[in-house]
Amino acid sequence: MKNNLKLHFIAALTLIAVSFPSGGTTPVYLDCSKPVEQRVEDALSRMTLEEKIAVIHAQSKFSSPGVRRLGIAELWATDGPHGIRPEVKWDEWSQASWTNDSCVAFPALTCLAATWNGDMSRLYGESIGEEARYRGKSILLGPGVNINRTPLNGRNFEYMGEDPYLASVMVVPYIKGVQSNGVAACVKHYALNNQECNRHTVNVVVDDRALHEIYLPAFEAAVKVGGTWSIMGSYNLYKNQHACHNQYLLNDILKRDWAFDGVVVSDWGGTHDTAEAIRNGLDLEFGTWTDGLSKGAGNAYDNYHMARPYLEMIKRGEIGTGELDDKVRRVLRLMFRTSMDRNRPYGSLCSPEHYAAARKIGGEGIVLLKNEREVLPLDLSKIKTIAVIGENAVKMMTVGGGSSSLKAQHEISPLDGLRNALEGKADVVYARGYVGHTKGDYDGVSTGQNLRDDRTAGELTAEAVEAARKADCVIFVGGLNKSGKQDCEGTDRQQLELPYGQNELIAALAKANPNLVVVNVSGNAVAMPWAGDVPAIVQAWYLGSEAGNALADVLTGRVNPSGKLPMTFPKRLEDIGAHSAGQYPGVERGDGSHVADCRYDEGIYVGYRWLDKNKIDPLFAFGHGLSYTTFGYGKAKAVRDGDGSLTVTVPVTNTGSRDGSEVVQLYVSDLKSSLPRPVKELKGFRKVSLKPGETVEVVFSLDDRSLSYYDADKSAWVCEPGEFEALVGSSSADIRSKVKFHGPLAN
């Protein structure tokens, strides 16, 4: 409590010092009683040209200046999207060495998407927004909604899966939760940032239909439904322009078509050209290598592209101030929504409620992929000794992975979580099994772990197998980690297979003990050649501070798993459209520019759409996830409503013996389209909680947009007349009931 009061006091003093500066010219304060738009125009009319230029670029690694003369506070940004990044020095990436900048690490966004639950997204946004607000932040750099085009993308763990509808639904509550704290969500990375390999130099070549049907819907929902106050541009090029200053993406689509009234923020190092930045929609420039052109110079923020170079162009008469005033209006609007909002709540940091939220979200996002012979939940009446094997059972995962790396106040490992849950009920023994990434530090933050182990792979395997033979049950905790070329910003994975010899180890453990549970910790799909040889498989994601507790909740049955995969797990990498088309990671032009063109030749057929089209069986389908109970589906019915919508209903019954939750999924198929369309597309889902024997009528509503495709020639969504089919099921590969109807639906 004393620490919390101290932080509140410091935050209050900081706000007063920034908003009401002392010394120098007497400040001219604005009338804070006026509506925001009037205040924006009032402030704009009072600002000098130099003050206008100052507020559209950074003054430090993570802040931009306000206008001291007018009492307008600074803007402070922070990474997100899984927790509040520790403080760095003013002009360096090295740690500021604060002792009060630890945070709660929330589960990665793949886990949030796997909950298929908007209530969990709202809880996530509110909780992380409270932490950002308490730390005095104006902008939270997240969430990420880029589509998982390939499972090799090192940053997929920060995103919400492969389906545009799922991501669109899940992003909105997160935004509203964050912004309820007076902190701007900054949805990223807009757009087409689908790989880390060559991320600064890849030029995406994609047709307009795929752009609008697959890669833009989540961003559109973030703007039109979520009301996000900021958007971050991406590193890649599109139509030969960098996305942070891209005429088509920013001016034409975002600001004109979607009427976005917020701020476009550059990704750090994403700005490359002054003239393009001025004209092509960038509003706030952060992180340009420091002199605006190259790495190396310190405190050179006035040399950013939208700093002195912009000012000098205006003074020379080479450009007017129309674009500048639009940028400044947007930044001022953001300031009045955040740092200048006197009524925003105080927030809270590392509270019991936040840890409870992290644990709840983690438990609800864990996916039970396989459970033969009901190995799970653990039956402690038959189990006396459990062997926990694998590096990921002890390795801390909150440190590493790129800009989402955190300084968590605490992190419960899977091994500790199980030991806490099973204390006095079963003996838990541990064997390493394999050595992967032994370091525990990133960007100046260290886990304090020493994971070095000099034993050979043979010695480690022998120890693990011996422990497995002696135990009643084996829980292997492996997968990926957040080091380079794993799940990590800046690099992509090199293969779909598990690293560090884990496949061979799992095969040996399966022979040693038939009661083997494999827990895969990753933010991406992985190959599982041993899947047929093990009875139980759990997809655990990166679960944050409460990782071990959330996992133990599911393994012991305290929580009945209800997560569903937000992406397809293929059997082979070649079963994914991006790799079958043969264009990943792009083909360098050879003209000295180092630009590589990456053709999205699979078009709209991403994820399950590609597998459906080519009749390829997945390892585990999009939307798949088991429970410790079972659910029965009745017959779906479709009824046309008077308002031009269609209601689809289906009864769902808990046919098992435990309370449980099921994600009922609605897909739509256009049976007589004039052009190629996916076999089916997700257009609705509902998560329902049922007691044994209980039945609920699940209701979906469809409109013409649900049935439409994007017509590139007309630049519009088109709903053709004809026959459609609604398919209701438990996953994209487990359809339980179908019903036909005719469209369009509007009168």
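Every salt bridge (Lys or Arg N to Asp or Glu O under 4.0 Å) that Lys137 has, sequence neighbours left out, goes to Glu87. Partners of Glu489 under the salt bridge (Lys or Arg N to Asp or Glu O under 4.0 Å) rule, at least two apart in sequence or in another chain, are Arg155, Arg199. Residues passing the side chain to side chain donor-acceptor pair (under 3.5 Å) test with Tyr124: none are found, sequence neighbours excluded. In this structure, the side-chain contact (heavy atoms from CB on, under 4.5 Å) partners of Val172, at least two apart in sequence or on a different chain, are Lys176, Ala221, Val225. Residues forming a side-chain contact (heavy atoms from CB on, under 4.5 Å) with Ser64 (at least two apart in sequence, or on another chain): Leu75, Leu284, Phe286. Partners of Tyr310 under the ring-ring contact (aromatic ring centres under 6.0 Å, His included) rule, at least two apart in sequence or in another chain, do not exist in this structure. For Asp163, the salt bridge (Lys or Arg N to Asp or Glu O under 4.0 Å) partners are Arg609, not counting sequence neighbours. Under the side-chain contact (heavy atoms from CB on, under 4.5 Å) criterion, Val40 pairs with Val36, Arg329, Leu332, Arg333, Phe336, not counting sequence neighbours. Applying the side-chain contact (heavy atoms from CB on, under 4.5 Å) rule to Arg705 yields the partners Glu220, Asp703, Trp717; only residues at least two apart in sequence or on another chain are considered. Residues passing the salt bridge (Lys or Arg N to Asp or Glu O under 4.0 Å) test with Asp283, sequence neighbours excluded: Lys255.
Residues Met567 and Pro151 are not in side-chain contact: their nearest non-hydrogen atoms beyond the backbone lie 4.5 Å or more apart. Proximity of Lys61 to Trp93: side-chain heavy atoms (C-beta onward) are separated by under 4.5 Å at one or more points. Under the 4.5 Å side-chain criterion, counting only non-hydrogen atoms from C-beta, Tyr542 is not in contact with Phe106. Contact check for Tyr710 versus Ser708: no side-chain heavy atoms found under the 4.5 Å cut-off. Within the 4.5 Å cutoff, side-chain heavy atoms of Ile56 are placed close to those of Leu324. The side-chain heavy atoms of Ile139 and Leu141, taken from C-beta on, include a pair separated by under 4.5 Å. Contact check for Leu44 versus Lys52: side-chain heavy atoms found under the 4.5 Å cut-off.
Note: His57 and Tyr304 have tilted aromatic rings, judged against thresholds of 30 and 60 degrees for the angle between ring planes.
The one candidate from Trp610, Phe685, Trp116 that meets the ring-ring contact (aromatic ring centres under 6.0 Å, His included) condition with Phe622 is Trp116. Each of Trp268, Tyr301, Trp90 was scored for a ring-ring contact (aromatic ring centres under 6.0 Å, His included) with Phe62, with one residue passing: Trp268.
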(message) Is there a salt bridge (Lys or Arg N to Asp or Glu O under 4.0 Å) between Asp207 and Arg209? Walk through the geometry before answering.
(response) CA-CA 6 Å; Asp207 64 77; Arg209 185 181 173 199; over 6 Å; no
(message) Assess the residue pair Leu166 and Leu682 against the criterion (side chain to side chain contact (heavy atoms under 4.5 Å, CB included)); give the C-alpha distance rounded to whole Å, side-chain angles, the decisive distance to 0.1 Å, and a yes or no.
(response) CA-CA 8 Å; Leu166 175 62; Leu682 182 71; 4.1 Å; yes
(message) Quick one, Glu285 with Thr288, criterion side chain to side chain donor-acceptor pair (under 3.5 Å). Give me CA distance, side-chain angles, the key distance, then yes/no.
(response) CA-CA 7 Å; Glu285 181 182 4; Thr288 299; 2.5 Å; yes
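Going from atom CG of Asp79 over to atom OG of Ser403 covers 4.5 Å, rounded to the nearest 0.5 Å. The distance from the CG atom of Asn146 to the OH atom of Tyr215 is 10.0 Å, given to the nearest 0.5 Å. The NE2 atom of His212 sits 11.0 Å away from the CG atom of Asp711 when rounded to the nearest 0.5 Å. The distance from atom CG of Leu211 to atom CD1 of Ile214, rounded to the nearest 0.5 Å, is 10.5 Å. Note: Asn153 CG to Cys488 SG = 11.5 Å, rounded to the nearest 0.5 Å. Atoms CG and CE, from Leu109 and Met170 in turn, are 9.0 Å apart once rounded to the nearest 0.5 Å.
A side-chain donor-acceptor contact under 3.5 Å links His354 and Glu131. Looking only at atom types and distance, the side chain of Asn524 has a donor-acceptor partner in the side chain of Asp487 under 3.5 Å away. Of the N and O atoms on the side chains of Ser234 and His189, not one donor lies less than 3.5 Å from an acceptor on the other residue.
Counting only residues at least two apart or on different chains, the side chain to side chain donor-acceptor pair (under 3.5 Å) pairs with a member in residues 314-323 are Glu50-Lys315, Arg316-Glu318. Pairs passing the salt bridge (Lys or Arg N to Asp or Glu O under 4.0 Å) check and including a residue from residues 257-277, sequence neighbours excluded, read Asp261-Arg337.
Checked for salt-bridge contact, Glu126 and Arg122 meet the test: a charged N lies under 4.0 Å from a carboxylate O.
Listed for the Asn194 side chain is no donor-acceptor partner under 3.5 Å among the backbone atoms of Arg149. The closest donor-acceptor contact from the side chain of Asn246 to the backbone of Tyr248 lies under 3.5 Å. No donor-acceptor distance shorter than 3.5 angstrom exists from the side chain of Ser63 to the backbone of Gln59, with no hydrogens or angles considered. Thr338 contributes no side-chain N or O that, together with a main-chain N or O of Ala184, makes up a donor-acceptor pair within less than 3.5 Å.
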